[in-house]
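The first residue of the sequence shown is numbered 1, and numbering continues consecutively from there. Everything quoted here is computed from the prediction, not taken from an experiment. Just so you know, ligand 1 is whichever comes first in the structure, and atom 1 is the first atom listed for that ligand.
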Amino acid sequence: MDSNEFRDWSRRAADWGADYRDTVRDRPVRPRVTPGSIQHSVEASPPEQAEPMEAIFADFEAKIMPGMTHWQHPRFFAYFPANAARVSVIAEYLVTAVAAQCMLWQTSPAATELETKMIDWLRQALGLPEGFSGVIQDSASSATLAAVLTMRERALGWEGNSKGLSGQKRLRVYCSNQVHTSIDRAIWVAGIGDENLVRIPTAGALRSMDMAALEAAIRADKEAGMQPAGIIACVGGTSTGGTDDIAAVADIARRHGLYLHVDAAWAGSAMICPEYRHFWAGIEKADSIVFNPHKWLGASFDCSIQFVRDPESHVRTLAIKPEYLKTHGHDGIINYSEWTVTLGRRFRALKLWFLMRAHGLEGLRTMIRNHVAWSVALAERLRNEPDFEIVTEPMLSLFSFRHRAPQGVDADEHNLRLVNAINDDGFIYLTQTRVEDRVAIRFQVGQFDATREDVEAAFDAIVQTARRLA
Ligand SMILES: *Cc1c(COP(=O)(O)O)cnc(C)c1O
(Lines give C-alpha, C1' and ligand atoms only; values in the text may rest on other atoms or scores of the structure.)
Protein backbone atom coordinates (compact mmCIF):
# COMPACT_ATOMS: atom_id res chain seq x y z
CA MET A 1 0.00 0.00 0.00
CA ASP A 2 1.56 3.29 -1.00
CA SER A 3 1.15 6.54 0.84
CA ASN A 4 -1.72 7.84 -1.30
CA GLU A 5 -3.71 4.68 -0.87
CA PHE A 6 -2.96 4.74 2.85
CA ARG A 7 -4.35 8.27 3.01
CA ASP A 8 -7.49 7.35 1.03
CA TRP A 9 -8.23 4.19 2.95
CA SER A 10 -7.58 5.84 6.27
CA ARG A 11 -10.20 8.43 5.33
CA ARG A 12 -12.56 5.69 4.24
CA ALA A 13 -12.03 3.94 7.57
CA ALA A 14 -12.65 7.15 9.52
CA ASP A 15 -15.84 7.84 7.56
CA TRP A 16 -16.93 4.28 8.06
CA GLY A 17 -16.34 4.58 11.81
CA ALA A 18 -18.37 7.79 12.08
CA ASP A 19 -21.24 6.27 10.05
CA TYR A 20 -21.10 3.15 12.17
CA ARG A 21 -21.45 5.12 15.40
CA ASP A 22 -24.31 7.14 13.89
CA THR A 23 -26.26 4.04 12.85
CA VAL A 24 -25.32 1.45 15.47
CA ARG A 25 -28.54 2.20 17.33
CA ASP A 26 -30.51 0.67 14.43
CA ARG A 27 -28.70 -2.65 14.55
CA PRO A 28 -29.56 -5.60 16.80
CA VAL A 29 -27.24 -5.32 19.81
CA ARG A 30 -26.26 -8.98 19.59
CA PRO A 31 -26.06 -10.65 16.18
CA ARG A 32 -28.09 -13.72 15.44
CA VAL A 33 -25.50 -16.04 13.94
CA THR A 34 -24.92 -19.74 14.34
CA PRO A 35 -21.51 -20.91 15.58
CA GLY A 36 -19.11 -21.50 12.68
CA SER A 37 -21.00 -19.46 10.10
CA ILE A 38 -18.44 -16.63 9.97
CA GLN A 39 -15.57 -19.08 9.85
CA HIS A 40 -17.15 -20.83 6.87
CA SER A 41 -17.48 -17.54 5.00
CA VAL A 42 -13.71 -16.91 5.15
CA GLU A 43 -11.39 -18.57 2.60
CA ALA A 44 -9.79 -21.77 3.89
CA SER A 45 -6.24 -20.66 3.00
CA PRO A 46 -4.39 -17.35 2.65
CA PRO A 47 -4.20 -15.89 -0.89
CA GLU A 48 -1.01 -16.34 -2.93
CA GLN A 49 -1.61 -13.11 -4.83
CA ALA A 50 -2.34 -9.65 -3.46
CA GLU A 51 -5.98 -8.66 -3.41
CA PRO A 52 -7.38 -5.16 -3.94
CA MET A 53 -8.25 -3.18 -0.83
CA GLU A 54 -11.73 -2.64 -2.28
CA ALA A 55 -12.44 -6.38 -2.02
CA ILE A 56 -10.94 -6.69 1.45
CA PHE A 57 -13.01 -3.79 2.78
CA ALA A 58 -16.18 -5.10 1.12
CA ASP A 59 -15.67 -8.47 2.83
CA PHE A 60 -15.18 -6.75 6.18
CA GLU A 61 -18.60 -5.19 5.80
CA ALA A 62 -20.31 -8.25 4.31
CA LYS A 63 -18.79 -11.07 6.33
CA ILE A 64 -17.49 -9.65 9.58
CA MET A 65 -19.82 -6.87 10.65
CA PRO A 66 -22.97 -9.04 10.65
CA GLY A 67 -21.26 -11.22 13.25
CA MET A 68 -20.24 -8.46 15.65
CA THR A 69 -21.82 -7.73 19.02
CA HIS A 70 -22.21 -3.97 19.29
CA TRP A 71 -20.59 -2.88 22.53
CA GLN A 72 -21.00 0.77 21.52
CA HIS A 73 -24.75 0.29 21.15
CA PRO A 74 -26.62 2.62 23.52
CA ARG A 75 -28.92 -0.24 24.55
CA PHE A 76 -26.06 -2.53 25.57
CA PHE A 77 -27.03 -3.34 29.16
CA ALA A 78 -25.14 -6.64 29.49
CA TYR A 79 -21.89 -7.45 31.37
CA PHE A 80 -20.17 -4.14 32.06
CA PRO A 81 -19.70 -1.42 29.44
CA ALA A 82 -16.62 -1.30 27.20
CA ASN A 83 -16.88 2.33 26.21
CA ALA A 84 -14.78 3.81 23.46
CA ALA A 85 -15.54 7.53 23.37
CA ARG A 86 -15.08 8.91 19.87
CA VAL A 87 -12.19 11.09 20.99
CA SER A 88 -10.44 8.04 22.40
CA VAL A 89 -10.79 6.27 19.05
CA ILE A 90 -9.06 9.22 17.36
CA ALA A 91 -6.18 8.93 19.82
CA GLU A 92 -5.97 5.23 18.97
CA TYR A 93 -5.76 5.99 15.21
CA LEU A 94 -2.77 8.20 15.96
CA VAL A 95 -1.13 5.72 18.31
CA THR A 96 -1.59 2.96 15.74
CA ALA A 97 -0.07 5.10 12.98
CA VAL A 98 2.95 6.03 15.09
CA ALA A 99 3.18 2.43 16.38
CA ALA A 100 5.82 2.91 19.04
CA GLN A 101 6.98 0.28 21.52
CA CYS A 102 6.74 1.96 24.90
CA MET A 103 8.59 -0.45 27.14
CA LEU A 104 11.37 1.87 28.34
CA TRP A 105 11.64 5.59 28.87
CA GLN A 106 14.08 5.87 25.97
CA THR A 107 11.94 3.81 23.60
CA SER A 108 9.43 6.68 23.73
CA PRO A 109 10.05 9.34 26.37
CA ALA A 110 6.76 11.11 25.65
CA ALA A 111 4.74 7.93 26.13
CA THR A 112 6.39 7.26 29.48
CA GLU A 113 6.09 10.82 30.74
CA LEU A 114 2.49 11.23 29.60
CA GLU A 115 1.69 7.91 31.31
CA THR A 116 3.13 9.22 34.58
CA LYS A 117 1.08 12.37 34.17
CA MET A 118 -2.17 10.57 33.30
CA ILE A 119 -1.79 8.26 36.28
CA ASP A 120 -1.53 11.34 38.45
CA TRP A 121 -4.49 13.05 36.76
CA LEU A 122 -6.56 9.96 37.46
CA ARG A 123 -5.28 9.74 41.03
CA GLN A 124 -6.57 13.25 41.61
CA ALA A 125 -9.78 12.60 39.68
CA LEU A 126 -10.56 9.61 41.90
CA GLY A 127 -9.73 11.47 45.09
CA LEU A 128 -6.74 9.31 46.02
CA PRO A 129 -4.05 10.90 48.18
CA GLU A 130 -0.58 11.78 46.98
CA GLY A 131 1.81 8.92 47.39
CA PHE A 132 0.13 6.61 44.92
CA SER A 133 1.90 6.17 41.65
CA GLY A 134 0.95 3.62 39.06
CA VAL A 135 1.08 2.11 35.64
CA ILE A 136 -1.27 1.50 32.73
CA GLN A 137 -1.81 -2.21 32.21
CA ASP A 138 -3.64 -3.88 29.33
CA SER A 139 -6.31 -5.35 31.58
CA ALA A 140 -7.36 -5.74 35.18
CA SER A 141 -6.34 -9.38 34.90
CA SER A 142 -2.73 -8.33 34.28
CA ALA A 143 -2.81 -5.77 37.08
CA THR A 144 -4.14 -8.35 39.53
CA LEU A 145 -1.48 -10.83 38.41
CA ALA A 146 1.23 -8.20 39.01
CA ALA A 147 -0.23 -7.54 42.48
CA VAL A 148 -0.40 -11.26 43.34
CA LEU A 149 3.18 -11.81 42.19
CA THR A 150 4.26 -8.88 44.33
CA MET A 151 2.44 -10.16 47.42
CA ARG A 152 3.98 -13.57 46.80
CA GLU A 153 7.51 -12.17 46.55
CA ARG A 154 7.05 -9.98 49.59
CA ALA A 155 5.82 -12.92 51.63
CA LEU A 156 8.76 -15.06 50.46
CA GLY A 157 11.42 -12.46 51.23
CA TRP A 158 11.88 -11.82 47.48
CA GLU A 159 13.08 -15.35 46.84
CA GLY A 160 10.17 -16.87 44.94
CA ASN A 161 11.43 -15.77 41.53
CA SER A 162 14.88 -17.19 42.13
CA LYS A 163 14.17 -20.33 44.13
CA GLY A 164 10.68 -21.30 43.02
CA LEU A 165 7.89 -22.27 45.36
CA SER A 166 8.84 -25.81 46.30
CA GLY A 167 10.11 -26.14 49.83
CA GLN A 168 8.52 -22.84 50.81
CA LYS A 169 5.79 -22.38 53.36
CA ARG A 170 2.30 -22.67 51.94
CA LEU A 171 1.18 -19.19 50.90
CA ARG A 172 -2.40 -18.10 51.55
CA VAL A 173 -4.41 -15.34 49.88
CA TYR A 174 -7.86 -14.21 51.03
CA CYS A 175 -10.80 -12.81 49.10
CA SER A 176 -14.59 -12.86 49.21
CA ASN A 177 -16.82 -15.24 47.28
CA GLN A 178 -17.80 -12.35 44.98
CA VAL A 179 -14.49 -11.72 43.24
CA HIS A 180 -13.87 -11.90 39.52
CA THR A 181 -12.34 -15.03 37.93
CA SER A 182 -9.21 -13.00 37.12
CA ILE A 183 -8.29 -13.45 40.80
CA ASP A 184 -8.44 -17.24 40.47
CA ARG A 185 -6.27 -17.16 37.41
CA ALA A 186 -3.69 -14.83 38.97
CA ILE A 187 -3.43 -17.28 41.88
CA TRP A 188 -2.96 -20.22 39.49
CA VAL A 189 -0.40 -18.46 37.32
CA ALA A 190 1.54 -17.22 40.37
CA GLY A 191 1.95 -20.85 41.45
CA ILE A 192 0.09 -20.30 44.72
CA GLY A 193 -2.59 -22.81 43.86
CA ASP A 194 -6.35 -22.57 43.94
CA GLU A 195 -6.53 -24.47 47.23
CA ASN A 196 -4.68 -21.58 48.87
CA LEU A 197 -7.14 -18.94 47.72
CA VAL A 198 -9.32 -18.71 50.79
CA ARG A 199 -12.85 -17.56 50.01
CA ILE A 200 -14.41 -15.70 52.89
CA PRO A 201 -18.22 -15.78 53.12
CA THR A 202 -20.07 -12.52 52.51
CA ALA A 203 -23.00 -10.85 54.21
CA GLY A 204 -25.19 -7.78 54.01
CA ALA A 205 -26.73 -5.83 51.16
CA LEU A 206 -23.34 -5.17 49.58
CA ARG A 207 -22.24 -8.80 49.99
CA SER A 208 -19.07 -7.80 51.86
CA MET A 209 -16.49 -10.14 53.34
CA ASP A 210 -17.36 -11.19 56.89
CA MET A 211 -14.58 -9.54 58.91
CA ALA A 212 -14.69 -12.00 61.80
CA ALA A 213 -14.40 -14.89 59.34
CA LEU A 214 -11.46 -13.20 57.59
CA GLU A 215 -9.64 -12.62 60.88
CA ALA A 216 -10.31 -16.19 62.00
CA ALA A 217 -9.09 -17.65 58.71
CA ILE A 218 -5.81 -15.74 58.88
CA ARG A 219 -5.23 -16.77 62.50
CA ALA A 220 -6.02 -20.40 61.82
CA ASP A 221 -3.65 -20.47 58.84
CA LYS A 222 -0.84 -18.93 60.86
CA GLU A 223 -1.37 -21.44 63.64
CA ALA A 224 -1.25 -24.23 61.09
CA GLY A 225 2.18 -23.02 59.96
CA MET A 226 1.05 -21.48 56.70
CA GLN A 227 2.13 -18.09 55.39
CA PRO A 228 -0.64 -15.54 54.73
CA ALA A 229 0.53 -13.30 51.85
CA GLY A 230 -2.25 -10.93 50.97
CA ILE A 231 -5.90 -9.99 50.71
CA ILE A 232 -7.78 -9.16 47.52
CA ALA A 233 -10.78 -6.96 48.22
CA CYS A 234 -13.47 -6.07 45.77
CA VAL A 235 -15.44 -2.88 45.07
CA GLY A 236 -18.24 -3.50 42.59
CA GLY A 237 -18.04 -7.24 41.86
CA THR A 238 -18.99 -8.41 38.40
CA SER A 239 -21.95 -10.56 39.32
CA THR A 240 -24.03 -8.18 41.43
CA GLY A 241 -21.67 -5.40 42.55
CA GLY A 242 -20.41 -7.07 45.76
CA THR A 243 -18.33 -4.56 47.73
CA ASP A 244 -16.05 -5.11 50.71
CA ASP A 245 -15.54 -2.74 53.62
CA ILE A 246 -12.12 -1.54 52.52
CA ALA A 247 -11.31 0.32 55.75
CA ALA A 248 -11.99 -2.79 57.84
CA VAL A 249 -10.12 -5.08 55.45
CA ALA A 250 -7.17 -2.68 55.43
CA ASP A 251 -7.01 -2.76 59.23
CA ILE A 252 -6.80 -6.53 59.23
CA ALA A 253 -4.21 -6.46 56.43
CA ARG A 254 -2.08 -4.02 58.35
CA ARG A 255 -2.38 -5.93 61.62
CA HIS A 256 -1.15 -9.11 59.95
CA GLY A 257 1.38 -7.44 57.64
CA LEU A 258 -0.49 -8.52 54.53
CA TYR A 259 -0.47 -6.90 51.10
CA LEU A 260 -3.87 -5.49 50.12
CA HIS A 261 -4.97 -5.35 46.48
CA VAL A 262 -8.37 -3.81 45.64
CA ASP A 263 -10.21 -4.79 42.47
CA ALA A 264 -12.46 -1.90 41.43
CA ALA A 265 -12.22 -2.67 37.72
CA TRP A 266 -15.73 -1.43 36.94
CA ALA A 267 -16.74 0.73 39.92
CA GLY A 268 -13.46 2.68 40.02
CA SER A 269 -14.60 4.98 37.21
CA ALA A 270 -17.54 6.15 39.33
CA MET A 271 -15.12 7.45 41.96
CA ILE A 272 -14.61 10.58 39.87
CA CYS A 273 -17.91 11.53 41.59
CA PRO A 274 -17.19 12.35 45.25
CA GLU A 275 -20.64 11.16 46.35
CA TYR A 276 -19.79 7.53 45.49
CA ARG A 277 -16.43 7.42 47.27
CA HIS A 278 -18.00 6.08 50.47
CA PHE A 279 -18.14 2.74 48.62
CA TRP A 280 -14.39 2.46 48.94
CA ALA A 281 -13.76 4.40 52.16
CA GLY A 282 -10.31 3.44 53.44
CA ILE A 283 -8.93 2.96 49.92
CA GLU A 284 -5.89 5.08 50.76
CA LYS A 285 -4.63 2.17 52.87
CA ALA A 286 -4.47 -0.24 49.91
CA ASP A 287 -1.14 -1.35 48.48
CA SER A 288 -2.53 -1.70 44.97
CA ILE A 289 -5.78 -0.67 43.26
CA VAL A 290 -6.98 -1.59 39.80
CA PHE A 291 -9.66 0.15 37.77
CA ASN A 292 -10.48 0.03 34.08
CA PRO A 293 -11.02 3.31 32.25
CA HIS A 294 -11.83 0.97 29.34
CA LYS A 295 -15.03 -0.01 31.08
CA TRP A 296 -17.14 2.92 32.21
CA LEU A 297 -14.93 5.99 31.77
CA GLY A 298 -14.67 5.96 27.96
CA ALA A 299 -11.07 5.08 27.11
CA SER A 300 -11.20 2.39 24.45
CA PHE A 301 -9.98 -1.08 25.31
CA ASP A 302 -7.30 -1.72 26.44
CA CYS A 303 -6.64 0.63 29.33
CA SER A 304 -6.43 -0.56 32.92
CA ILE A 305 -4.94 1.56 35.68
CA GLN A 306 -3.01 0.03 38.54
CA PHE A 307 -2.25 2.44 41.36
CA VAL A 308 0.50 1.26 43.68
CA ARG A 309 1.77 2.65 46.93
CA ASP A 310 5.24 1.17 46.78
CA PRO A 311 6.44 0.85 43.18
CA GLU A 312 9.79 -0.45 44.42
CA SER A 313 8.18 -3.72 45.51
CA HIS A 314 6.64 -4.12 42.04
CA VAL A 315 9.90 -3.38 40.25
CA ARG A 316 11.69 -5.74 42.60
CA THR A 317 9.20 -8.43 41.63
CA LEU A 318 8.95 -7.85 37.90
CA ALA A 319 12.00 -6.02 36.55
CA ILE A 320 14.33 -8.07 34.46
CA LYS A 321 17.41 -6.38 33.18
CA PRO A 322 19.26 -8.10 30.37
CA GLU A 323 22.19 -6.11 28.98
CA TYR A 324 20.43 -4.96 25.83
CA LEU A 325 17.60 -3.33 27.78
CA LYS A 326 19.80 -1.30 30.11
CA THR A 327 19.44 2.43 29.81
CA HIS A 328 22.48 3.77 31.54
CA GLY A 329 22.81 7.21 33.01
CA HIS A 330 19.22 8.35 33.21
CA ASP A 331 18.61 9.00 36.86
CA GLY A 332 15.02 9.07 37.94
CA ILE A 333 13.56 7.74 34.72
CA ILE A 334 10.78 5.19 34.75
CA ASN A 335 10.80 2.07 32.61
CA TYR A 336 7.19 0.96 32.86
CA SER A 337 7.86 -2.53 31.52
CA GLU A 338 9.52 -3.16 34.89
CA TRP A 339 6.10 -2.81 36.53
CA THR A 340 4.28 -5.28 34.28
CA VAL A 341 4.45 -8.90 33.22
CA THR A 342 4.64 -7.96 29.54
CA LEU A 343 7.70 -6.29 28.05
CA GLY A 344 6.19 -4.68 24.95
CA ARG A 345 3.71 -1.93 25.70
CA ARG A 346 1.31 0.18 23.65
CA PHE A 347 1.06 3.92 24.06
CA ARG A 348 -2.15 3.90 26.11
CA ALA A 349 -1.83 7.24 27.86
CA LEU A 350 -2.70 9.31 24.79
CA LYS A 351 -6.35 8.28 24.72
CA LEU A 352 -6.70 9.17 28.40
CA TRP A 353 -5.27 12.61 27.74
CA PHE A 354 -7.60 13.17 24.79
CA LEU A 355 -10.58 11.79 26.73
CA MET A 356 -10.19 13.87 29.89
CA ARG A 357 -9.47 17.04 27.95
CA ALA A 358 -12.29 16.65 25.42
CA HIS A 359 -14.98 15.78 27.98
CA GLY A 360 -13.64 17.31 31.16
CA LEU A 361 -14.15 15.49 34.45
CA GLU A 362 -17.46 17.28 34.82
CA GLY A 363 -18.69 15.86 31.50
CA LEU A 364 -17.67 12.35 32.55
CA ARG A 365 -19.27 12.78 35.97
CA THR A 366 -22.55 13.81 34.37
CA MET A 367 -22.53 10.68 32.23
CA ILE A 368 -21.94 8.41 35.23
CA ARG A 369 -24.49 10.19 37.43
CA ASN A 370 -27.08 9.87 34.67
CA HIS A 371 -26.41 6.17 34.27
CA VAL A 372 -26.82 5.57 37.99
CA ALA A 373 -30.02 7.64 38.18
CA TRP A 374 -31.62 5.96 35.15
CA SER A 375 -30.71 2.51 36.39
CA VAL A 376 -32.14 3.19 39.85
CA ALA A 377 -35.33 4.54 38.22
CA LEU A 378 -35.68 1.40 36.13
CA ALA A 379 -35.22 -0.78 39.22
CA GLU A 380 -38.03 1.18 40.92
CA ARG A 381 -40.36 0.71 37.96
CA LEU A 382 -39.70 -3.03 37.87
CA ARG A 383 -40.18 -3.28 41.64
CA ASN A 384 -43.64 -1.77 41.21
CA GLU A 385 -44.70 -4.46 38.74
CA PRO A 386 -46.42 -7.30 40.63
CA ASP A 387 -44.79 -10.04 38.57
CA PHE A 388 -41.19 -8.74 38.97
CA GLU A 389 -38.81 -8.94 41.90
CA ILE A 390 -35.59 -6.98 42.52
CA VAL A 391 -33.03 -9.59 43.55
CA THR A 392 -30.04 -7.36 44.31
CA GLU A 393 -30.43 -3.64 44.91
CA PRO A 394 -28.65 -1.15 42.66
CA MET A 395 -24.92 -0.82 43.37
CA LEU A 396 -24.17 2.28 41.29
CA SER A 397 -25.80 1.41 37.95
CA LEU A 398 -26.02 -2.38 38.42
CA PHE A 399 -28.93 -4.37 39.83
CA SER A 400 -30.53 -7.74 39.19
CA PHE A 401 -34.13 -8.86 38.92
CA ARG A 402 -36.30 -11.88 38.30
CA HIS A 403 -39.65 -12.43 36.67
CA ARG A 404 -42.23 -14.65 38.38
CA ALA A 405 -42.54 -17.94 36.53
CA PRO A 406 -45.95 -19.17 35.45
CA GLN A 407 -47.52 -21.96 37.55
CA GLY A 408 -45.61 -25.21 37.26
CA VAL A 409 -42.58 -23.69 35.46
CA ASP A 410 -39.17 -23.67 37.12
CA ALA A 411 -38.15 -20.08 37.98
CA ASP A 412 -34.56 -20.51 36.78
CA GLU A 413 -35.70 -22.00 33.49
CA HIS A 414 -38.23 -19.25 32.99
CA ASN A 415 -35.73 -16.46 33.61
CA LEU A 416 -33.11 -18.06 31.35
CA ARG A 417 -35.74 -18.30 28.63
CA LEU A 418 -36.59 -14.68 29.26
CA VAL A 419 -33.04 -13.41 28.93
CA ASN A 420 -32.53 -15.48 25.79
CA ALA A 421 -35.75 -14.22 24.23
CA ILE A 422 -34.80 -10.61 25.01
CA ASN A 423 -31.35 -11.06 23.49
CA ASP A 424 -32.56 -12.95 20.41
CA ASP A 425 -34.81 -10.03 19.66
CA GLY A 426 -31.73 -7.78 19.61
CA PHE A 427 -33.38 -4.54 20.78
CA ILE A 428 -31.51 -4.63 24.09
CA TYR A 429 -28.81 -6.94 25.46
CA LEU A 430 -28.75 -8.33 29.03
CA THR A 431 -26.86 -11.07 30.84
CA GLN A 432 -27.80 -13.36 33.69
CA THR A 433 -26.01 -14.38 36.86
CA ARG A 434 -26.68 -16.58 39.89
CA VAL A 435 -27.57 -15.17 43.29
CA GLU A 436 -27.70 -17.71 46.13
CA ASP A 437 -27.65 -20.29 43.36
CA ARG A 438 -30.76 -19.00 41.63
CA VAL A 439 -30.85 -17.33 38.23
CA ALA A 440 -31.18 -13.54 38.25
CA ILE A 441 -31.06 -11.17 35.30
CA ARG A 442 -28.43 -8.40 35.49
CA PHE A 443 -29.08 -4.89 34.32
CA GLN A 444 -26.45 -2.15 34.10
CA VAL A 445 -26.45 1.18 32.33
CA GLY A 446 -23.04 2.35 31.21
CA GLN A 447 -22.78 2.96 27.49
CA PHE A 448 -21.41 6.39 26.63
CA ASP A 449 -24.26 7.34 24.25
CA ALA A 450 -27.11 5.81 26.25
CA THR A 451 -30.04 8.14 26.92
CA ARG A 452 -32.87 8.12 29.43
CA GLU A 453 -35.16 7.04 26.57
CA ASP A 454 -32.96 4.02 25.85
CA VAL A 455 -33.27 2.91 29.46
CA GLU A 456 -37.02 3.51 29.47
CA ALA A 457 -37.34 1.53 26.25
CA ALA A 458 -35.53 -1.31 28.02
CA PHE A 459 -38.32 -1.42 30.60
CA ASP A 460 -40.90 -1.97 27.86
CA ALA A 461 -38.79 -4.62 26.16
CA ILE A 462 -38.30 -6.54 29.42
CA VAL A 463 -41.89 -6.35 30.62
CA GLN A 464 -43.49 -7.15 27.28
CA THR A 465 -41.18 -10.08 26.55
CA ALA A 466 -41.72 -11.49 30.05
CA ARG A 467 -45.51 -11.33 29.80
CA ARG A 468 -45.52 -12.80 26.33
CA LEU A 469 -43.50 -15.78 27.60
CA ALA A 470 -45.64 -16.22 30.69
C1 LIG B 1 -14.09 -6.66 34.20
C2 LIG B 1 -13.58 -7.02 35.51
C3 LIG B 1 -12.33 -7.65 35.65
C4 LIG B 1 -11.50 -8.09 34.48
O5 LIG B 1 -11.11 -7.03 33.71
P6 LIG B 1 -10.16 -7.23 32.46
O7 LIG B 1 -9.63 -5.86 32.21
O8 LIG B 1 -11.02 -7.74 31.36
O9 LIG B 1 -9.09 -8.20 32.82
C10 LIG B 1 -11.87 -7.89 36.92
N11 LIG B 1 -12.59 -7.56 38.01
C12 LIG B 1 -13.79 -6.96 37.91
C13 LIG B 1 -14.54 -6.60 39.16
C14 LIG B 1 -14.33 -6.68 36.66
O15 LIG B 1 -15.52 -6.09 36.57
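Salt bridge Lys117/Asp120: absent, no basic N to carboxylate O contact under 4.0 Å. Using a 4.0 Å cut-off between charged nitrogen and carboxylate oxygen, Asp221 and Arg170 do not count as a salt-bridge pair. We find that Glu275 and Arg365 are not joined by a salt bridge, their nearest charged nitrogen and carboxylate oxygen being 4.0 Å or further apart. Salt bridge annotation for Arg381-Glu456: absent, with no cationic side-chain nitrogen under 4.0 angstrom from a carboxylate oxygen. Salt bridge annotation for Arg346-Asp138: absent, with no cationic side-chain nitrogen under 4.0 angstrom from a carboxylate oxygen.
Remark: ligand 1 atoms within the under-4.0 Å shell around heavy atoms of Asn292 are 5 (O), 6 (P), 7 (O). Annotation for ligand 1: atoms under 4.0 Å from non-hydrogen atoms of His294 are 7 (O). Atoms of ligand 1 lying under 4.0 Å from any heavy atom of Gly236, numbered from 1 in the order shown and given with element: 13 (C). Every atom of ligand 1 with a heavy atom of Phe80 under 4.0 Å away is listed here by number and element: 15 (O). Numbered from 1 in the order shown, with element, the atoms of ligand 1 that lie under 4.0 Å from a heavy atom of His180 read 2 (C), 3 (C), 4 (C), 10 (C), 11 (N), 12 (C), 14 (C). Here is the list of ligand 1 atoms found below 4.0 Å of a heavy atom in Ser182: 10 (C). Which parts of ligand 1 touch Thr238 is read off a 4.0 Å heavy-atom cut-off, strictly below it: atoms 12 (C), 13 (C), 14 (C), 15 (O).
Judged purely by distance below 3.5 Å, without hydrogens or angles, the side chains of Ser300 and Ser88 pair a donor atom with an acceptor atom. In the model, Asn161 has a side-chain atom that pairs as donor or acceptor with a side-chain atom of Arg152 under 3.5 Å.
Ranking protein heavy atoms by distance to atom 7 (O) of ligand 1, first place goes to Ala140 N, 2.8 Å. In terms of protein heavy-atom proximity, atom 11 (N) of ligand 1 is closest to Asp263 OD2, 2.6 Å. Looking only at protein heavy atoms, the nearest one to atom 9 (O) of ligand 1 is Ser141 OG, 2.5 Å.
For ligand 1, the polar-atom distance check against Ala265 finds no nitrogen or oxygen pair separated by under 3.5 Å. Considering backbone and side-chain atoms together, Lys295 places an N or O closer than 3.5 Å to an N or O of ligand 1.
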List the steps, then state whether ring pair (Phe, Tyr, Trp, His ring centres under 6.0 Å) holds for Phe301 with Trp71. CA-CA 11 Å; Phe301 190 85; Trp71 286 72; 9.3 Å; no
